[in-house]
S.K.: 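Before I ask anything, here is the structure I am working with.
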Amino acid sequence: MKMISNKLYIGVFLIGTFFLLGYFNYVTEQELSNIHTTIPVSNSDKGSHEESNSLNPIFEYKLVKTTEDKNEGFVIETYQEFEIYKDENGTIYKSTPTKNYNYLKYTISDYNEKTKQ
């Protein structure tokens, strides 16, 4: 009876560990995917031009710098995230840089192929 009890405790512990590791793996994959979404917020009262759209920015990454290290054989592209506000016609009236950056690293030969396309 004691042996069955020990196996049961070990089984429950292992199952709990697998669920915990699965949760951490899921969170990490979401964070690494760099997918940014906006959550629509409803404005019941239509205020001024700035107020009505300031709650719904669009986040977009833009290329801000490209560096080439010929000694190492790599090209690094630096993208910065911008918070973009548009009016009802789709015209951008405000663009604010954030502190978020993404980097893409290419070999020089791969980068040259990419820029030819």
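On a predicted model such as this, the values are computed, not experimentally measured, just so you know.
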S.K.: About how many Å separate CG of Asp87 and NZ of Lys94, when rounded to the nearest 0.5 Å?
M.R.: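 So the gap between those two atoms works out to 14.0 Å.
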S.K.: State which residues pass salt bridge (charged side-chain N to carboxylate O under 4.0 Å, His left out) with Glu60; sequence neighbours excluded, sorted by chain then number.
M.R.: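 If we apply the salt bridge (charged side-chain N to carboxylate O under 4.0 Å, His left out) test to Glu60, skipping adjacent residues, there are no hits.
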S.K.: So how far is it from Thr66 OG1 to Ile76 CD1, rounded to the nearest 0.5 Å?
M.R.: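 Those atoms lie 10.5 Å apart.
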S.K.: My understanding is that only residues two or more places apart in sequence, or in another chain, count here; which of them pass side chain to side chain contact (heavy atoms under 4.5 Å, CB included) with Leu14?
M.R.: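 Per chain and number, Leu14 pairs via side chain to side chain contact (heavy atoms under 4.5 Å, CB included) with Ile10, Phe18.
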S.K.: If you measure from CG on Leu63 to CD on Gln80, what distance do you get to the nearest 0.5 Å?
M.R.: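 Reported value, rounded in 0.5 Å steps: 11.0 Å.
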S.K.: Are Val64 and Phe82 close enough that some pair of their side-chain heavy atoms sits under 4.5 Å apart?
M.R.: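 With C-beta onward as the side chain, the pair touches.
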S.K.: Determine whether Ile92 and Tyr85 satisfy the following criterion, side chain to side chain contact (heavy atoms under 4.5 Å, CB included), listing intermediate values before the conclusion.
M.R.: CA-CA 6 Å; Ile92 297 173; Tyr85 297 88; over 6 Å; no
S.K.: Would you check if there is a donor-acceptor pair between the side chains of Glu81 and Thr98 at a distance under 3.5 Å?
M.R.: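 Yes.
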S.K.: Once you round to the nearest 0.5 Å, how far does NZ of Lys105 lie from OG1 of Thr78?
M.R.: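 Interatomic distance, Lys105 NZ to Thr78 OG1, rounded to 0.5 Å: 12.0 Å.
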S.K.: Roughly how far apart are Asn102 CG and Tyr61 OH, rounded to 0.5 Å?
M.R.: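 These two atoms lie 4.0 Å from each other.
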S.K.: Does the pair Lys86 and Ile58 meet the rule for a side chain to side chain contact (heavy atoms under 4.5 Å, CB included), with working shown?
M.R.: CA-CA 8 Å; Lys86 295 183 180 182; Ile58 298 169; 4.1 Å; yes
S.K.: I'd like to check the ring-ring contact (aromatic ring centres under 6.0 Å, His included) partners of Tyr106; sequence neighbours left out, ordered by chain and number.
M.R.: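 Tyr106: ring-ring contact (aromatic ring centres under 6.0 Å, His included) contacts with Tyr111.
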S.K.: Does the side chain of Lys62 come within less than 4.5 Å of Tyr79's, by heavy atoms?
M.R.: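 A side-chain contact is absent here, since even the closest heavy-atom pair is not under 4.5 Å.
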S.K.: Looking at Tyr103, I want to see if its OH is surrounded by more than 12 non-hydrogen atoms of other residues, nucleotides or ligands under 6.0 Å.
M.R.: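 Correct, the count exceeds 12.
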